Amino acid sequence: MRPARALIHLDALRHNYRLARELGGGKALAVIKADAYGHGAVRCAQALEDEADGFAVACIEEALELRAAGIRAPILLLEGFFAADELALIDVHDLWCVVQADWQIDAIEQSHPTHPFTIWLMLDSGMHRLGLATQDYRASLQRLQALPQVGKVVTATHFARADELDCLRTDEQLARFEQTATATSLPRSLSNSAALLGWPGVRSEWARPGLMLYGATPFPAPHPVADRLQPVMTVESQVIAVRDIAVGEPVGYGAHFVARRPTRVGVVAMGYADGYPQFAPNGTPVSIDGQPGELIGRVSMDMLTVDLTEHPAAGMGSRVELWGAQVPINTVAARAKRSAYDVLCGLKRVPRTYVDD
Ligand SMILES: Cc1ncc(COP(=O)(O)O)c(C=O)c1O
């Protein structure tokens, strides 16, 4: 059997969720869209179900997968519905729903649910992705609240630059939200991971942590609160071949590494088809039998190469961690000029093993 695998530490997931909830000071929907950022949405939801106030996913397909697995907690559709006929399923499966445009209110008005919908009305406070414009928000809210098809309403917005701790945009978005929505005295939902970790002045009744649940930081630099997160995913494999090469000899496609000293090369069963970043450069950290080591040469589809010269005891079968407790996902992503979001969501083919201590 190919030795590549991803270990998912469910205790760490719960620890990070509790931290998110503590920081937010209210309730928290665990954002488990995109298959829980590559960690497996059903297993993550099951691990959190006893303590999570609910879950958030991108779309109805993701919500139905959770319901089919027996998850009974509230589930919010972060992008709402894409077509009016989804409202029947939203009703049957008792899903909460973002409303981000007036056509969705028209559709709700035409619908015949068996019980009132719970709606999160999204304000575009400056990200300019989804949400009602500030000048339209109050009127849409009043219209929504007057509909018999609508029960509870939460006011919500999403920050575009909360990961930039010295950027004024988050304060500007917050001010627009407060001017537009806070006077309504309805519950509010503001914070993603970056706002929870880095903006203690931004608090609301409902937080929406995603990335931080998985133990990755949204910030480019170490941060005292983000440092309390525990990595959830460990991606590891083994050395499947070893060779010694002479000075001047290249390794791998394109000769991206050329030996400057006699070099012992370990070939590891892990490649970009598994989601390891193809363009991670020479020197990207790995851990070899628990010791710090380095990637050398271009990453192939199914294999990559590491420098074993300083690891005389390592050889065939040595354990190589690509990211996890010893090798921060943020470091690997940054070295490859990617984000932790992107690398985690890109995990493929590697079987996941769930560890619940
Ligand atoms: C509307 C919304 N809320 C919350 C989140 C979670 O964000 P993060 O993973 O940065 O915590 C996302 C993620 O993209 C989102 O789109």
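Nothing here was measured: the structure is a model prediction, and the numbers come from that model. Counting starts at 1 for both ligands and their atoms, in listed order.
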Crowding at CZ, Arg349 (>12 non-hydrogen neighbours, <6.0 Å) | yes
Identify the protein heavy atom lying closest to atom 3 (N) of ligand 1, giving its residue, its atom name and the separation to 0.1 Å.
-> Arg208 NE, 2.9 Å
Any idea which atoms of ligand 1 are less than 4.0 Å away from a heavy-atom of Leu211?
-> 8 (P), 9 (O), 11 (O)
Ligand 1 and Val31, any nitrogen or oxygen pair closer than 3.5 angstrom?
-> no
Quick one: do the His128 and Asp124 side chains pair a donor with an acceptor below 3.5 Å?
-> yes
Tell me which protein heavy atom sits closest to atom 13 (C) of ligand 1, plus the residue, atom name and distance to 0.1 Å.
-> Lys33 NZ, 3.1 Å
Going by heavy-atom distance to atom 12 (C) of ligand 1, choose the closest among Met212, His158, Met122, Glu79.
-> His158
Looking only at distances, please establish whether an N/O atom of ligand 1 is found under 3.5 Å from an N/O atom of Gly210.
-> yes
Verify the distance criterion only: is there a donor paired with an acceptor across the side chains of Ser318 and Asp289 at less than 3.5 Å?
-> yes
Residue, atom name and distance, where the atom is the protein heavy atom closest to atom 10 (O) of ligand 1 = Tyr341 OH, 2.6 Å
Pairwise distance CD1(Ile108) to CD(Gln149) - rounded to 0.5 angstrom = 8.0 Å
Could you verify whether a donor N or O on one side chain and an acceptor N or O on the other, from His158 and Arg208, lie under 3.5 Å apart?
-> yes
Determine whether Val154 and Leu186 make a side-chain contact, defined as any pair of heavy atoms from C-beta on separated by less than 4.5 Å.
-> no
the protein heavy atom lying closest to atom 11 (O) of ligand 1 turns out to be Ser193 OG, 2.5 Å
In terms of residue, atom name and distance, what is the protein heavy atom nearest to atom 9 (O) of ligand 1?
-> Tyr37 OH, 2.6 Å
Plane angle bin for Tyr37 and Tyr341 - parallel if under 30°, tilted between 30 and 60°, otherwise perpendicular = tilted
Give the residue and atom name of whichever protein heavy atom lies nearest to atom 7 (O) of ligand 1, and the separation in Å to one decimal.
-> Asn192 CB, 3.6 Å
Evaluate the side-chain proximity of Val57 to Leu77: yes if any heavy-atom separation is below 4.5 Å, no if none is.
-> yes
Look at atom 16 (O) of ligand 1 and say which protein heavy atom is nearest, naming residue and atom and giving the distance to 0.1 Å.
-> Arg129 NH2, 3.2 Å
